[in-house]
Number of protein chains: 2
Amino acid sequence: MITVGLLEKYGVIKRSFDKNDIIFEEGNLPLHYYQIISGEVKMSNYNDDGREFIQGIFYNGQSFGEPPLFLNQKYPANAIAVENTELFILPKENFMKLLEENPKVSIQIIENLAQRLYYKSIMAAEISTHEPEHRVLKLIDHGIAYFNFQKDKNGYFINFTRQQIGDLTGLRVETVIRTIKALEKKGELKIINRKVYR
Amino acid sequence: MITVGLLEKYGVIKRSFDKNDIIFEEGNLPLHYYQIISGEVKMSNYNDDGREFIQGIFYNGQSFGEPPLFLNQKYPANAIAVENTELFILPKENFMKLLEENPKVSIQIIENLAQRLYYKSIMAAEISTHEPEHRVLKLIDHGIAYFNFQKDKNGYFINFTRQQIGDLTGLRVETVIRTIKALEKKGELKIINRKVYR
DNA sequence: TGCATTTTATGACTTTAATCATAAAACGGG
DNA sequence: CCCGTTTTATGATTAAAGTCATAAAATGCA
């Protein structure tokens, strides 16, 4: 996250997106740095028969879509507003200038990318070698640490739909529904009128 | 990749590892920056029944294991020498000092992390939503661009065993063997005395 | 050069999650 | 508050990759 003051100094603009609006598309060349003011953004891929894989979900203060910006490569996924969302948008050249002139920001960018790599390392290993229960639980536990799940008297409220959990773990909705039921039976999590707590 | 001169200025040491030696283990706290002088290193996870998932393979000049170093988190995977390997090793404090005092290195680190995130984004989507043929082909094509595959008269020589391809794509050896045969039949790649070319 | 190990190979079978069908409950915009 | 949409739910069936068994070819190191 880059401070508002600094962004403004380099000519940032604000832009609003409605729920389900596309922010950028897979295959396009990156031209901007994006940082969330409010709302929620997902980055995801669709395979040939329309099945979705969610690469990540981003909230207030977080940036997304930088890797291909640094590499001059095409976006490997789409960015879509999950809710009405307001963004800071900075043209690539301005962003690069900002980085050069503010070395401390580089460290923040590094930490941010490191954090995302860490998440992907964990989920990649989960998705390729673990059964559904393990995968779902790992996602949830990671989410408690890094997504914005809130704790109340029932425990942490897992603010994802079954479909989203499936799209993040490579499982189908029905499998997620059955897996969550099984995890509840084992006492690993609670279902209180259809909402999941851990 | 950080230049030798700079590394030496900050007190780097050299160390040799034999084939199959463990460089660091999952769960340990990172204490050093590692950069390969010669040889080959893999980072991988093992699940409860010993099944391996390879997070990445690294060659001459490449560094590995930085993300948890920046985050003060435990290593999410093991690092193992695939062949006899020589490494530059720099203690964490020295590495951080190097970064602070040499802002341009930050940009290189950023580009490196961005590259690895890009690879992981692609493979994560592959592993969770595509069939074996698509996964194997995508890995191979990515490998041609980013691993050190050599081109000869038969095409690019895919310098991976079937087992390695399986461990990188979340498939079993037998499945990889059958998939590669199927891809050859379709003309997507060549098998010349058991070696794979594309 | 000989022999143990690794890699590739193939067939039979099994298991697990995907698929398909259907529906009730909950949500949300007009 | 009504009605279309989304989300959760459940059972039956299927398909695809995993598992198991076995072996030949290739590799490598002692």
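Order of the sequence lines sets the chain letters (A, B, ...), proteins ahead of strands, with each chain counted from 1. The structure displayed is predicted, hence computed values, not measured ones.
Aromatic pair B:Phe24/B:Tyr75: centroids less than 6.0 angstrom apart. Taking the six-membered ring for Trp and the full ring otherwise, B:Phe88 and B:Tyr33 have centroids separated by 6.0 Å or more. No close placement of the A:Tyr34 and A:Phe58 rings is indicated, their centers lying 6.0 Å or farther apart.
Residue contacts shown for A:Gly166 are absent, as no nucleic acid heavy atom lies under 4.0 Å away.
Taking only distance into account, the side chain of B:Arg51 never meets the base of D:dG18 through a donor-acceptor pair shorter than 3.5 Å.
A donor-acceptor contact under 3.5 angstrom links the side chains of B:Asp167 and B:Gln163, judged on distance only.
OP1 and OP2 of D:dA17 both lie 4.0 Å or more from every side-chain N or O belonging to B:Arg178. Checking the phosphate oxygens (OP1, OP2) of D:dG18, a side-chain nitrogen or oxygen of B:Thr175 falls inside 4.0 Å. Proximity of B:Arg162 to the phosphate of C:dT8: a side-chain N or O atom is located under 4.0 Å from OP1 or OP2.
Distances from the side chain of A:Pro132 to the nucleotides C:dA17, C:dT10, C:dA21 place C:dA17 closest. Considering only side-chain atoms of B:Thr161, the nucleotide from C:dT8, D:dT19, C:dA17 that sits closest is C:dT8. The listed nucleotides are C:dA9, D:dG18, C:dT8; the one nearest the side chain of B:Lys181 is C:dA9.
By the 30° and 60° cut-offs, the orientation of the rings of B:His142 relative to B:Tyr146 is tilted.
Distance, A:Asn20 CG to C:dG29 C1': 14 Å, rounded to whole Å. Protein atom CD of A:Glu174 is 14 Å distant from nucleotide atom P of D:dT7, rounded to whole Å. In this structure, CD1 of B:Ile177 is placed 15 Å from P of D:dA25, rounded to the nearest angstrom. Whole-Å rounding puts the B:Ile192 CD1 to D:dA26 C1' distance at 17 Å.
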For nucleotides 24-27 of chain C, tabulate all protein N/O to nucleotide N/O atom pairs closer than 3.5 Å, reporting atom names and distance.
| unit_1 | atom_1 | unit_2 | atom_2 | d |
| --- | --- | --- | --- | --- |
| C:dA25 | O4' | A:Arg194 | NH2 | 3.3 |

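Of the candidates B:Leu99, B:Ile2, B:Asn102, B:Tyr10 forms a side chain to side chain contact (heavy atoms under 4.5 Å, CB included) with just one, namely B:Asn102.
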